[in-house]
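Data first, discussion second: the structure below is written as structure tokens.
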Protein chains: 2
Amino acid sequence: MASIKPSVPKGTRDFSPAEMAKRNFIFDTIKGVFRKYGYQQIETPTMENLSTLTGKYGDEGDKLIFKIIDSGDYTSKLIKDLIKSVNSTRIDEDFIELFKSIAAELAVSFLNMDDTVFEGRIKQIKSNLFMNFHSDILLAEIKKQEFVESIKEAFVKYLFSRNDSLKKNNVKNRLEHYRSIKNTQYKEDTVKTDFIRAVNSYYRLRTVIKFEKFINKQLSPASITSSISEKALRYDLTVPFARYVVQHQNEITFPFKRFQVQPVWRADRPQKGRYREFYQCDADVVGSASLLNEAEFVMIYDEALSLLGLQDFTIKINNRKILSGIAQVIDKYDSIVDLTVAIDKLDKIGLDGVIRELLERGFTDADIDKLKPVILLEGSNEEKLRKLREALKTSEIGLQGCEELETVFNYLKYTPLKKAVLELDITLARGLNYYTGAIFEVKTNEVAMGSIGGGGRYDDLTGMFGLKGLTGAGISFGADRIYDVLEELNLFPASAEQSTQVLIIAFDTQAEIYALPLLQKLRDSNVSAELYPAGAKVKKQMDYANNKQISYAVLIGSDEMQSGLLAFKNMESGVQEKLSAEDILARLTD
Amino acid sequence: MASIKPSVPKGTRDFSPAEMAKRNFIFDTIKGVFRKYGYQQIETPTMENLSTLTGKYGDEGDKLIFKIIDSGDYTSKLIKDLIKSVNSTRIDEDFIELFKSIAAELAVSFLNMDDTVFEGRIKQIKSNLFMNFHSDILLAEIKKQEFVESIKEAFVKYLFSRNDSLKKNNVKNRLEHYRSIKNTQYKEDTVKTDFIRAVNSYYRLRTVIKFEKFINKQLSPASITSSISEKALRYDLTVPFARYVVQHQNEITFPFKRFQVQPVWRADRPQKGRYREFYQCDADVVGSASLLNEAEFVMIYDEALSLLGLQDFTIKINNRKILSGIAQVIDKYDSIVDLTVAIDKLDKIGLDGVIRELLERGFTDADIDKLKPVILLEGSNEEKLRKLREALKTSEIGLQGCEELETVFNYLKYTPLKKAVLELDITLARGLNYYTGAIFEVKTNEVAMGSIGGGGRYDDLTGMFGLKGLTGAGISFGADRIYDVLEELNLFPASAEQSTQVLIIAFDTQAEIYALPLLQKLRDSNVSAELYPAGAKVKKQMDYANNKQISYAVLIGSDEMQSGLLAFKNMESGVQEKLSAEDILARLTD
């Protein structure tokens, strides 16, 4: 029995009833808005085939995927592979036999070699790659004489390159020792024994090397997949969504509007606000190029965040084509990434900092003169658009981006936002390689916090699974950050609490029985109610009601059973009255 | 780009919008009932520490746990361990040297051994365990002479037990061959060569065996933990729940009533109705011994399944103490598992089958005479209890079980069930080692199906994590089976559909703009509504409405915009009328 308190893996969390109530409030609110806009819920499995996920998130992303192994399956496969590898040293064994039979000859012949010849020979041999030596080719293709010569070479290489106990100086010392032995038979025996020992070390070493190679090949992170792990945990909801669309394309109605609210997993280094397991709330539409979708995403953010209680938040919007246009007009189309990475930092490092970065990245003063007015774009969204059209008038793609933004703004004239401020921000880049049109980011102005939402338009999401030409757009809510914002601003409504409404406190077992019909009537009227099991002190039962933040208590003792008037207490206000069971029911079902 | 359609891992599934609507109906209904009875939701992480899960589900269970690996970490550790293991064969190397120097002696001496002595020697040696031989102990502890003797023994064992190429007959043949060689030197050389070859095979074999042992030890499912995987996917919700209670014991209010509706994962062989990823819906209470909890579980099953639409289902109830009592009165207390496994099969194999099983398991005719009336218990629950009390009158624990059941029945007199039939079934055993009091199982009588729910009372759930003395009870709903039952009986209500209520069909872009205020008003009145992006043919838009099973369509063209009377169509009935936007709004918000 562990005396150490159990725990959860780092980066993961339990959620208590109070936390669940708050999380459910956030998820239910967002889901409700998604549904209202015609988005339908799907769910994909926790585990995807590794081949579905790898290569979709960049090299860094691949390292952060959690892989899954079946118990049992892989060890037997791995064991089989390893044993097979060991057993395949059989060829080495036959070879070694031959090798050793020559060992004695070599040993003796070296005794007779003079030093300069010896040194020269060593140099010649060392220049060959030790590990080019391949016994099965040898046995199959090389004539016996060449074979013998090769063995001698390899043997000497072995002596001088790999075996620590026979390093060059040691060999010289050893040769001197051999030469100093007067008794010929003893000399030969000694030499033979040493060389056989050396060969056995070689054999063992070859086995080790063979294993090292096998292991490095079979068990490297990159290749582990086929041996051990073929499944992994979801890293996000977008790739599973793309896989879903391609897999079920014949059953799906396009345009396909789906939302998913599910956890994802990343083996990040955990820190404050960064978890290894966290929820994503995504809504995406595929199969429609209409900018009405972009306008509706703005409305969805506005409505959901308003319902959640936020009062002051900004939805930033930009368009990838505008960024391309900016790069184009300064004739730096290919440097768009450098450009956007630099200007994206405007908030953090200011204009001077951005200019410095641009210069570092190879932009010229002339470029910066053209860029400054664009970077420092001010005014209403309409004014910004007007200035952009002017700045980008020579760029077709830039103008197209402006056109798209204007269409979105136009739709929203007819469906005014409730709370959100919509702001054209041309420094907004986010996942640049991913978005091909609109780019969104949502920030709260009430709390110092990173973004609480983001998204945009992308072409060809499903191309990665073989279905080309499907354009789509989508947004995401950062649920954990929103949780922290609502917590800090104390915006979780009391009604979000999901605790019991009534606790019936029975003083004894008779009261317990007496209470049962009332308990059932309350529940039949959809009032959540508990009857505390008889036997505990009343104080304990009241504490229970307080700890669970139960709104009302009904106390029943012998007096109450006699008179039929039960003690009805409002746990928040403390007010207590005598009411009949019927009146209590009426009170709670208003 | 894959031209093969992507897929999900075997045993997992995607859920389409239609399936999600049905699943949500089931989960929301069950959760609603849980909450009404004072159970509060918690969630635990998808991954638990491996140490939390292993050993909790039996040997078979451990094999079915999905383990998780962090990319990168483990391979270097595993590689290091393997290399270290190979390198530790050094001792074998020294030993082999000695071994081989004796080989020649042995070879020659066997030539001179006569057949009967030879056979006898072999028998004597074979009776020793081959693998008791341990080289480092040898080198350290055994005197040289014993050492030499042991080597000889092991060597011969090797010859006759492990080496396929030197099986007994072959050895005899080989010995005859040796004896037939006239030239003594050639004979000795041949024998020595063969024996050295045999020894090398032995050496390689020892290496293989050493690796096998290493691998089986290091990489066996049971020990993989420290090398590679320290985390695993939830296998059920009960162990995480126990871990949660112990971990958060200082923050929890007892009695603690929690429910969890989350997926779990098992590496079972997938088949019809059996998935590798599936949801569990559990409600458990810990810290209360009151049988009111058991009565409430019966009520929860009754209410939830009634709300789901089931009309005819049985809640079976039994009590572990009664089963102990039955075993006790036939004086076979220690054979309770055999007893219950046999009588649990009554439904499937009938009384004769059960009797046969009991006899096979060591029960006597006298036992069976006493058991028959109990097994064939009939009548109302009260009658059954009366007969049981009589049959178990000499068993204190049996009577206690009867007492507990009666208390539960008594509670339920005051809170009559809506639809469920409650049936005392003394053949019900389920997880016998786990439950210590009440045992539940729920079956539908409307469809041929396994159980759709189960549970019971258990003492000391949290003892596995160091917190002793907490009694608890809990139940579970088999959501996937319930889904199949509702599907087969066509019980999913139309209102469970979560599709959009209204699709606005705009004939052109002007109509699209015209429609926006109506769209917003509908949504502001909590009517889920979509505006199909302009540009598609009307037929396509109508198909969209049909495919998504949208209830109403509003068609807007130039006529409608002029007159202000929009075409309002009921998609189910086909009835179409001309209504103003206000009237449409009124119609949909009644």
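By convention in this document, chain letters (A, B, ...) are assigned in the order of the sequence lines, proteins followed by strands, and residues within each chain are numbered from 1. If you're wondering where the values come from, they're calculated on a predicted model, not measured in any experiment.
- Under the 3.5 Å distance criterion, the side-chain polar atoms of A:Lys548 are left unmatched by any main-chain donor or acceptor of B:Gln40.
- Counting heavy atoms from C-beta outward, A:Tyr532 and B:Ser290 have side chains that stay 4.5 Å or more apart.
- Within the 4.5 Å cutoff, the side chain of A:Asp14 has heavy atoms near those of the B:Pro45 side chain.
- Here CZ of A:Phe15 is found 12.0 Å from CD of B:Gln260. Values are rounded to the nearest 0.5 Å.
- B:Lys231 is listed as a side-chain neighbour of A:Arg276, based on a closest heavy-atom distance under 4.5 Å.
- In terms of heavy-atom pairs under 4.5 angstrom with chain B, the leader among A:Ala21, A:Pro17, A:Ser16, A:Ala534 is A:Pro17.
- When each of A:Thr500, A:Val8, A:Thr44, A:Ile252 is scored by its heavy-atom pairs under 4.5 Å with chain B, the top score falls to A:Val8.
- Put simply, of B:Leu522, B:Asp543, B:Asn526, B:Thr52, the one with the most heavy-atom pairs under 4.5 Å next to chain A is B:Asn526.
- For the options A:Glu303, A:Met299, A:Lys413, A:Glu512, heavy-atom pairs under 4.5 Å to chain B are most numerous at A:Glu512.
- Put simply, the side chain of A:Thr415 does not reach to within 4.5 Å of the side chain of B:Leu519, judged on heavy atoms.
- A salt bridge does not link B:Glu43 with A:Arg23: none of the charged nitrogens is closer than 4.0 Å to a carboxylate oxygen.
- Using modelled atom types, one side-chain atom of A:Asn49 and one backbone atom of B:Ser7 make a donor-acceptor pair closer than 3.5 Å.
- Here the shortest heavy-atom pairing between B:Leu292 and A:Pro533 reads CD2-CA, 4.2 Å.
- Residues A:Ile68 and B:Met47 are not in side-chain contact: their nearest non-hydrogen atoms beyond the backbone lie 4.5 Å or more apart.
- Inter-residue side-chain proximity for A:Pro416 and B:Gln520 is flagged as met; some heavy-atom pair is nearer than 4.5 Å.
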